[in-house]
Number of protein chains: 2
Amino acid sequence: MSRGRGRPRKFDEVEVRQAIMHCFWAKGYTATSLDDLSKATGLVRPSLYAAFGGKEDIFLAAMNDFAARTRAYLTDKVPPEAHPRAALQAVFTAMLDLYQTDEGGRGCLVFSTATAEAPAHPEIRDKLQEQLAGSDHQFRRLLERHTPSAAAQSLDAAAVLAAATLHSIGLRARSGVPRPALDDFAASAARSIAALLAGSSGEECTG
Amino acid sequence: MSRGRGRPRKFDEVEVRQAIMHCFWAKGYTATSLDDLSKATGLVRPSLYAAFGGKEDIFLAAMNDFAARTRAYLTDKVPPEAHPRAALQAVFTAMLDLYQTDEGGRGCLVFSTATAEAPAHPEIRDKLQEQLAGSDHQFRRLLERHTPSAAAQSLDAAAVLAAATLHSIGLRARSGVPRPALDDFAASAARSIAALLAGSSGEECTG
DNA sequence: TATATTTTATACCGAATCGCATATTAATAT
DNA sequence: ATATTAATATGCGATTCGGTATAAAATATA
């Protein structure tokens with residue numbers, strides 16, 4: 001589509017974007033140099049600049065790419081109909097898979113990497129805040145789909161706790177906590193939040 | 001104490017360490033240059049090196065200083081005897097105060113700044129993991145002091161949820177979420193976690 | 001006073017940083 | 001065939017990076 005008039009590109013854009021994402025994911029924004037990106041993508045520096053703009057533009061795109069990858073993985077792995085606890089468990093487990101790498105735990109590019117840059121880079125901060133609100137919203141929708149009987153306030157409370165759990169999971173994964181401990185953490189949180197939801201909807205408390 | 005033999009120092013060590021902490025807190029490890037530290041402390045670069053070692057050593061010390069500051073602030077602000085919900089609320093509110101700055105939300109130096117460096121710097125990663133475990137442990141102790149009747153498993157579950165809430169609070173604060181929203185978040189989490197604890201200890205469910 | 005010891009000050013090192021200016025190459029449109 | 005358009009390749013350039021070598025200054029001890 002739209003094969004322009006000039007010299008055609010020699011690189012596959014999605015591959016390049018993925019390589020960029022992995023660079024930033026591993027080392028963060030500031031510690032990743034344009035030379036790192038150049039080596040990882042095979043693109044020379046001016047080509048990077050021409051195709052994606054400056055370093056900050058490239059990073060903002062990587063944040064979007066990571067979020068898109070997350071959404072795709074989640075819709076693929078979470079069963080559409082399940083009890084809240086099973087749904088939460090499925091989400092957390094999927095995210096744990098996604099937060100891991102061959103070279104060890106990496107956590108979330110957005111929540112564990114962009115955060116450090118927020119005060120100095122307003123655009124990164126704004127996008128981070130936006131994706132933060134997105135995680136709250138997604139959990140809210142997930143829970144209300146699986147527990148329509150719960151009160152709105154309880155749904156909100158459970159959703160933000162679930163989001164907090166996700167943030168903590170990413171943090172722990174990146175700090176090197178071994179996978180079994182992370183699984184325990186996720187299971188415990190899923191059980192707790194589900195119990196909270198069940199308790200507030202009038203049913204009995206079954207921890 | 002130990003007024004050495006050579007030329008006396010012209011700087012106050014605790015002031016210098018605090019200035020260093022604020023630099024790293026604002027911009028993170030990589031984005032903070034030794035020149036930044038030099039300007040902020042008034043110490044020239046070789047003096048910094050002689051007094052605290054290389055950049056990574058200085059940062060590790062800043063992580064310790066920040067944690068110490070947090071502990072001091074908490075023991076000062078959290079009432080020794082209170083219901084779990086009030087205790088959690090007090091902790092979260094105190095941390096929200098601590099995570100704020102005249103120039104805006106900064107979150108936690110350790111959880112929101114060192115995290116990005118973890119994969120590339122094993123020593124930073126190890127210290128991060130250690131302080132992560134410390135936050136779990138502290139919440140666990142806080143809760144079991146205020147709810148001795150609860151089962152060990154419930155205490156563990158509530159403690160990690162509380163720690164997760166703290167991590168998320170720091171993340172949100174640094175991403176620019178306004179204080180009232182953070183207060184709501186903290187209050188909701190404190191209420192939920194306390195309810196969880198009350199529910200599992202045999203009492204009725206009072207959301 | 002003379003020497004030892006510690007801190008500060010100046011200057012410098014090689015390497016790496018981001019960005020861009022300037023060719024050069026390759027494909028299409030006329 | 002020629003002009004146009006776009007992408008790649010080469011390389012500069014000013015700055016900044018972390019770290020250090022060397023010398024000057026200030027104190028304690030002998």
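Please read all numbers here as calculations on a predicted model, not as lab measurements. Throughout, protein chains are lettered first and strands after them, A, B, ... in sequence-line order, and every chain is numbered starting at 1. Worth knowing before you read on, the calculation uses all heavy atoms, side chains too, and leaves out hydrogens, waters and symmetry mates.
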Query raised in the report: Is it the case that B/Asp35 and B/Ser38 place a side-chain donor and acceptor less than 3.5 Å from each other?
Result: no
[X] [atom1] - [N] [atom2] separation (whole Å):
X       : N      : atom1 : atom2 : answer
A/Arg9  : C/dT28 : CZ    : C1'   : 17 Å
B/Leu43 : C/dT10 : CG    : P     : 14 Å
A/Leu48 : D/dT8  : CG    : P     : 9 Å
A/Lys10 : C/dA27 : NZ    : P     : 10 Å

I'd like a list of close polar pairs between nucleotides 21-26 of chain C and the protein, N/O only, cut-off under 3.5 Å.
from   : atom 1 : to     : atom 2 : distance (Å)
C/dT25 : O2     : A/Arg7 : NH1    : 2.8

Query raised in the report: Reading nucleotides 13-19 of chain D from the 5' end, what letters show protein touch, with B for base, S for backbone sugar-phosphate only, - for no heavy atom under 4.0 Å?
Result: ----SBB
Query raised in the report: Quick one: does NZ or CZ of A/Arg172 land under 6.0 Å from the six-membered ring centre of A/Phe185, within 45 degrees of the ring axis?
Result: yes
Donor-acceptor under 3.5 Å ([X] side chain, [Y] main chain):
X        : Y        : result
A/Thr70  : A/Phe66  : yes
A/Thr41  : A/Leu37  : yes
A/Ser192 : A/Ser188 : yes

**Report entry** Shortest non-hydrogen contact between A/Arg9 and A/Ala51, atoms and distance
**Finding:**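 The pair with the smallest heavy-atom distance is NH2-CB, 3.8 Å.
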Query raised in the report: Should B/Ser47 be listed as having a side-chain N or O under 4.0 Å from OP1 or OP2 of C/dT7?
Result: no
Requested in this report: Check whether the ring centres of B/His121 and B/Tyr29 lie less than 6.0 Å apart, and answer yes or no.
Outcome: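 When the ring centroids of B/His121 and B/Tyr29 are compared, they turn out to be within the sub-6.0 Å range.
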**Report entry** Partner of A/Arg141 under side chain to side chain contact (heavy atoms under 4.5 Å, CB included), chosen from A/Arg145, A/Gln138, A/His137
**Finding:** A/His137
